[in-house]
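Okay, structure first, notes after.
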There are 2 protein chains.
Amino acid sequence: MARPYSPTLLGYVLLGLLNQLPRSGYDVRMEMETTPMGHFSSSPGSIYPALQLLKKNGFIDSEVIHRSRLKPREVFHLTEKGKKALSAWLHKRLAVSDLRDNLSELMLRFRFMEDIASGQETLRFLQDFRRKARTYASILKSQTRTQAESSLHFALSLQREISMIQMHIDWADQAMSAFEATEPNTP
Amino acid sequence: MARPYSPTLLGYVLLGLLNQLPRSGYDVRMEMETTPMGHFSSSPGSIYPALQLLKKNGFIDSEVIHRSRLKPREVFHLTEKGKKALSAWLHKRLAVSDLRDNLSELMLRFRFMEDIASGQETLRFLQDFRRKARTYASILKSQTRTQAESSLHFALSLQREISMIQMHIDWADQAMSAFEATEPNTP
DNA sequence: AAAAACATGTAAGCTGTTACATGATTGG
DNA sequence: CCAATCATGTAACAGCTTACATGTTTTT
């Protein structure tokens with residue numbers, strides 16, 4: 001009675017990497033060692049079982065490639081189901097709470113969006129991101145007014161959170177400018 | 001043959017909260033609901049077992065308090081062992097990689113430091129924090145020069161990471177000023 | 001009488017990690 | 001021939017989380 005499986009965050013990272021380029025488990029590990037993806041380990045015990053699970057559930061498929069003399073490699077690529085799942089993940093609407101809880105996931109989505117979405121879609125993502133960030137910033141600022149008495153450490157922590165969000169708003173602005181420069185559609 | 005147990009991050013959060021003030025599991029849950037501690041759940045299934053584990057390992061102890069007519073509550077407080085463990089956690093030296101991987105842990109430490117450390121010690125923490133942040137920033141900037149070709153999304157992600165760290169350096173500056181104002185020892 | 005708040009727990013399970021294990025090929 | 005790199009896996013476990021379960025006291 002296998003309950004419906006949907007990929008974990010690590011699963012989506014793997015889908016994102018395989019969407020860039022079909023790879024073996026080993027290639028994925030090497031990529032994650034040179035360019036860390038969130039906080040995930042690149043150890044074999046993390047990557048290989050996660051790939052097997054994606055394969056078992058039909059998000060990816062593989063061919064075994066025998067290159068001259070080298071040990072054969074199992075090269076994975078996305079199935080249609082995998083492509084759809086990745087696309088759905090990348091296009092998911094943001095929640096305000098994601099700014100607090102899932103920032104690193106949002107940034108992973110932004111990175112993998114390059115290989116699947118148009119500049120227009122990326123712009124929409126950034127607009128949504130900035131909007132939700134502004135909402136969250138105003139929530140935090142109202143907390144400052146009501147709670148920041150008594151504790152200096154707490155007040156400074158809140159201040160840091162606000163600076164953090166403000167920085168992300170500014171970043172989104174910059175990023176949007178960069179995309180508007182390449183997409184002549186929006187004036 | 002129980003291997004030596006040392007608290008997890010959630011364990012340290014609980015030690016920090018109980019060090020502020022002895023509380024029941026229920027009180028801890030309420031505190032974590034109003035003031036989220038990192039990304040931890042405040043659900044009973046998370047908190048009660050974690051408290052039992054700390055108690056079993058001698059970091060906290062409890063008394064059952066029967067208040068007038070109310071259901072009795074198990075109120076936890078730190079033992080000497082618990083105080084030492086909390087202090088050691090709070091005073092641990094930072095690694096540069098903590099800026100990338102454990103930022104939220106560092107911020108939790110900063111918050112709980114209020115109840116255990118002097119302003120001088122907090123200043124040392126912030127100095128160390130700023131120093132490591134500067135090192136990490138320069139590493140990231142050198143990556144920009146070597147890797148930022150080809151991918152706009154990747155370049156923007158890197159830029160965001162750098163802005164993040166710079167923001168934290170500025171925050172540490174502000175925070176240090178705030179503490180120097182209260183500690184007249186350092187000119 | 002019922003709902004809401006007080007108070008504490010257990011059981012099942014998911015996710016991912018480290019540590020262990022194995023073997024082939026290539027370069028020095 | 002030895003080390004490094006290529007390549008893939010398994011087993012045990014830590015550390016949660018959600019869902020379930022239970023009962024009391026106060027407020028409406």
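The structure presented is a predicted model; accordingly, all values stated were derived computationally and were not measured. Atoms considered below: every heavy atom in the structure, side chains included; atoms not considered: hydrogens, waters and symmetry mates. So that the names make sense, note that chain A is the first sequence line, chain B the second, and so on, each numbered from 1.
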Side chain to side chain donor-acceptor pair (under 3.5 Å) between Ser157(B) and Glu161(B), intermediate numbers included: CA-CA 6 Å; Ser157(B) 294; Glu161(B) 197 91 353; over 6 Å; no
Distance, rounded to the nearest Å, where [X] contributes [atom1] and [N] contributes [atom2]:
X: Phe76(A); N: dG9(D); atom1: CZ; atom2: C1'; result: 11 Å
X: Arg29(A); N: dT18(C); atom1: CZ; atom2: C1'; result: 13 Å
X: Leu9(B); N: dG15(D); atom1: CG; atom2: C1'; result: 11 Å
X: Tyr5(A); N: dC14(C); atom1: OH; atom2: P; result: 11 Å
X: Met32(A); N: dG16(C); atom1: CE; atom2: P; result: 10 Å
X: Ile65(B); N: dC6(C); atom1: CD1; atom2: P; result: 17 Å
X: Lys55(A); N: dT8(D); atom1: NZ; atom2: C1'; result: 13 Å
X: Ile47(A); N: dT8(D); atom1: CD1; atom2: P; result: 12 Å

Across the strands shown, which category fits Leu10(B) at heavy-atom distances under 4.0 angstrom: base, sugar-phosphate, nothing? sugar-phosphate
Indicate the atoms forming the closest heavy-atom contact of Leu14(A) with Val28(A), along with that distance. CD2-CG1, 3.5 Å
Nearest to the side chain of [X], heavy atoms from C-beta on, is which of [options]?
X: Arg73(A); options: dC16(D), dT8(D), dG16(C); result: dT8(D)
X: Tyr48(A); options: dG9(C), dT18(D), dT8(D); result: dT8(D)
X: Pro49(A); options: dG16(C), dT10(D), dT8(D); result: dT10(D)
X: Phe40(B); options: dG9(C), dT8(D), dT17(D); result: dT17(D)

Quick one: does Ser163(A)'s side chain get under 4.5 Å of Asp170(B)'s, heavy atoms only? no
Determine, for Lys132(B) against Asp98(B), whether the closest basic-nitrogen to carboxylate-oxygen distance falls under 4.0 angstrom. no
What I want to find out is whether Arg23(A) reaches Glu74(A) closely enough, with some N-O distance under 4.0 Å, to be called a salt bridge. no
Give me the one residue out of Leu78(A), Asp27(A), Leu86(A) that meets side-chain contact (heavy atoms from CB on, under 4.5 Å) with Leu18(A). Leu78(A)
Close N/O contacts between protein and nucleotides 19-22 of chain D (under 3.5 Å):
none

Listed in order of residue number, which residues of residues 11-24 of chain A have a non-hydrogen atom at under 4.0 Å from DNA chain D? Ser24(A)
Is the ring centre of His168(A) less than 6.0 Å from the ring centre of Tyr136(A)? no
Suppose we call two aromatic rings close when their centres sit under 6.0 Å apart. Are Phe59(A) and His77(A) close by that rule? no
Does Lys81(B) have more than 12 heavy atoms from other residues, nucleotides or ligands lying within 6.0 Å of its NZ? yes
Could you tell me whether the phosphate oxygens of dT8(C), OP1 or OP2, come under 4.0 Å of any side-chain nitrogen or oxygen in Tyr26(B)? no
